[in-house]
Structures are given as C-alpha cells and as structure tokens.
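In what follows, every chain begins at residue 1, and chains take the letters A, B, ... in the order their sequences are listed.
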Number of protein chains: 2
Amino acid sequence: MEKHPQHCQVVVALDMIVGKWKPIILQHLIIGGTKRFNELRRLMPDITQRMLTLNLRELEEQDIIERVVYPEVPPRVEYSISEYGKSLEPLLDSMHEWGMAHLEHMKKKEKELGADDKSS
Amino acid sequence: MEKHPQHCQVVVALDMIVGKWKPIILQHLIIGGTKRFNELRRLMPDITQRMLTLNLRELEEQDIIERVVYPEVPPRVEYSISEYGKSLEPLLDSMHEWGMAHLEHMKKKEKELGADDKSS
DNA sequence: TGGTATAGTATCAAAAAGAATACTTTTAGG
DNA sequence: CCTAAAAGTATTCTTTTTGATACTATACCA
C-alpha cells in the first residue's frame, strides 16, 4: 500500500483492474463464469503463461477471484470471480458505459476537426 | 485506439485515469479548481516537470482538462477540469468509495490471518 | 549587465512491466 | 519406456514508463 503516498483511494480501486490483462481476465470470468487455466489461455491467445499466472495470483491475493485446485492428474485448477469480486461489477459496468460514450465523443471531435480543415 | 484490440470499453475509461499521477492531478483540479502549472508542481512535490507536462498534455488531448495560455511574460498557463471531464466525477467517486471499503476488507482479512497464526 | 520568474523541451539513465523460451511435476495410456 | 496433458516456474531478454538533469525563451527589475 506504500505505492500511493497520496491520500486518494481511487488508486486502490484502480489497482484491482489495471494492467494489460486484468480487465480482460475479469471480463471472461464475470461473463463466462468459472474457467480453467488453459481455458483462459485459449480465450486470450496473446497472453503468456507467465503473465496469466502473475495476474491470476494478484487477483487472488486481492480476494477478487477464487482459485480451486482439484488434486487430480493431470491437475485441474479452476478460477472464478469471488463474491467479493462481484462488488466490482457496478464499477466495471459504469466504466464500460463511460468508455462507450467516450469513443462517441472522440469520434465527434475528429469529425469537427476534419470539417475545420477547410479553414487551414 | 489500437492499444486495445479486445472489445471491452472498460479500458478506454481506464486510460483516462490511470498512471502514477493522473488520479492525483484530477483530484487537485476537481477539488481545488483551476491551477497553474507551478501550482500543481507545488501540490505534487515528487512529480518531475516532464511527467507533469506529459500527463497534462494527455488529459488535454482527451478533453478531460482545459489548458488556457495567457500571453504574458512570464507566461501564465491555467489548467482546469473541463465540462466533459466532469462526467468522470461519478466514476471517480465510486472508485474512491470502493477503495475505502477495500482497505477495510483487507484490514479485516489480515486480522483473520493473524488470529489463525496460533494454528501454525 | 546580470538575475529572476514561468512554463516548458531535450537528452540520457534507471526502473518497471511484459514477452520468449525452456524446463518441471505427476500419472495414465500405448 | 516414451509420450501426452495441465498448470505452472525459472531465466533471460525487450519494451515501455518514469526519473534526473540540464537547457530554452521572454521580459521585467535592480
């Protein structure tokens, strides 16, 4: 927690969902439900095994996801969003909404700039 | 926008507020109102001039903040949250709330682990 | 003439994040 | 005995982000 000397708990929430992969992992687990390690790999062909492991471990550490190991051979490990993790959903939904609107906003802006080009 | 091949507009919203400094800059502009470049520097003693410039430029690019230059000498440049930028406030508030609650959650968890230590 | 102030750039170094690749364990199946 | 499958580790890069430091333009002030 010493990463954020400045007050402001926004950063605490931010840390749960930032990174190149976390939002995508969360999306898959929230929308698609429980998934095994290699299922996630298949869903995200560009992530490396290492990055997937690291991200899952972090999310687990933060109680956002749950990891269940079935002592079989070959091993089976299932990941799912935790009850606590579900409390992030409204936030993620709002962000999704805002993101959509922002894409519109920027599209509009581009058009305006394009139209203004006759003035240059 | 090619940074996010994967659907999911959460990342778009995320980009407006992530980074080591952006949440803090936004906080100052939202809570404290219009600020000059060096005022922000004083408010964030650890940021370098370069990082402050880069972050402000990005936020401006994204229409989140406004930059007004007064053609005086020495120059005066004022930064403020834009009307559009204000649409982020509910999001930031929710994140703040969630962050607070999460700190509580983790504190509770730590205590539990501490109590469990007698069992090891 | 030199110093001060503001709001930056420019350049290079360090640190953090991410990617590539190879290797491990265990048991079943051929 | 050899191979396969799942879920990782370990090690070594490469890339991206940040940081440190120095430098600039302009006009006013002593």
Side-chain angles (χ1 to χ4, degrees), chain A residues 1-6 8 11 14-26 28-29 32-62 65-80, chain B residues 1-6 8 11 14-26 28-29 32-62 65-80:
Chain A
M1 233 122 275
E2 245 24 298
K3 282 158 75 183
H4 324 298
Q6 342 262 347
C8 167
V11 182
L14 227 35
D15 271 4
M16 307 295 121
I17 50 180
V18 292
K20 186 169 175 184
W21 302 110
K22 277 188 193 173
I24 301 163
I25 293 174
L26 288 174
H28 283 304
L29 294 183
T34 303
K35 294 270 171 290
R36 308 179 51 169
F37 187 84
N38 277 345
E39 280 185 279
L40 287 170
R41 281 229 292 166
R42 264 169 247 128
L43 290 167
M44 298 179 273
D46 291 348
I47 198 175
T48 61
Q49 225 166 347
R50 181 166 171 277
M51 280 301 119
L52 182 54
T53 306
L54 286 179
N55 279 284
L56 289 171
R57 289 287 190 284
E58 263 187 69
L59 289 168
E60 190 197 354
E61 181 87 357
Q62 294 157 334
I65 66 173
E66 265 159 27
R67 174 170 181 271
V68 180
V69 182
Y70 295 87
E72 310 169 354
V73 168
R76 179 158 61 101
V77 180
E78 290 189 342
Y79 293 94
S80 53
Chain B
M1 234 119 276
E2 244 27 295
K3 282 157 75 182
H4 325 299
Q6 341 263 348
C8 168
V11 183
L14 226 36
D15 271 3
M16 308 293 122
I17 51 180
V18 291
K20 187 168 175 185
W21 302 110
K22 277 190 194 172
I24 301 162
I25 293 174
L26 288 174
H28 283 303
L29 294 183
T34 303
K35 293 271 172 290
R36 307 180 52 169
F37 187 83
N38 277 346
E39 279 186 281
L40 287 170
R41 281 229 291 167
R42 264 169 246 129
L43 290 167
M44 296 179 276
D46 291 348
I47 197 174
T48 60
Q49 227 166 346
R50 180 167 171 276
M51 279 301 118
L52 182 53
T53 306
L54 286 179
N55 280 284
L56 289 171
R57 287 288 189 285
E58 262 187 70
L59 290 167
E60 190 197 354
E61 181 88 355
Q62 294 157 333
I65 65 172
E66 266 158 28
R67 175 172 181 269
V68 180
V69 182
Y70 295 88
E72 309 170 354
V73 168
R76 178 158 61 101
V77 180
E78 289 189 343
Y79 293 93
S80 54

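- To the nearest angstrom, C1' of C:dA7 lies 17 Å from NZ of B:Lys35.
- In this structure, B:Leu56 CG and B:Trp21 CH2 are separated by 12.5 Å, a value rounded to the nearest 0.5 Å.
- Around CD of A:Glu61, the count of heavy atoms belonging to other residues, nucleotides or ligands within 6.0 Å does not exceed 12.
- The separation between B:Leu54 atom CG and D:dT18 atom P is 9 Å, rounded to whole Å.
- To the nearest angstrom, C1' of C:dA7 lies 10 Å from CG of B:Leu52.
- B:Arg67 has its side chain within reach of B:Arg57: a pair of non-hydrogen atoms, C-beta onward, lies under 4.5 Å apart.
- From B:Arg41, atom CZ reaches atom CG of B:Asp46 across 12.0 Å, with rounding to the nearest 0.5 Å.
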- Assign a letter to each nucleotide of nucleotides 6-16 of chain D from its 5' end: B, base within under 4.0 Å of a protein heavy atom; S, sugar-phosphate only; -, no contact. BBBBBB-----

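- The CD atom of B:Glu72 sits 10 Å away from the C1' atom of C:dT6 (whole-angstrom rounding).
- Rounded to whole angstrom, the span from the CD1 atom of A:Ile47 across to the P atom of C:dG18 amounts to 10 Å.
- Residue B:Lys20 has no polar side-chain atom (N or O) positioned under 4.0 Å from OP1 or OP2 of C:dA16.
- Atom CG of A:Leu43 sits about 11.0 Å away from atom CG of A:Asn38, to the nearest 0.5 Å.
- Contact check for A:Met44 versus A:Ile25: side-chain heavy atoms found under the 4.5 Å cut-off.
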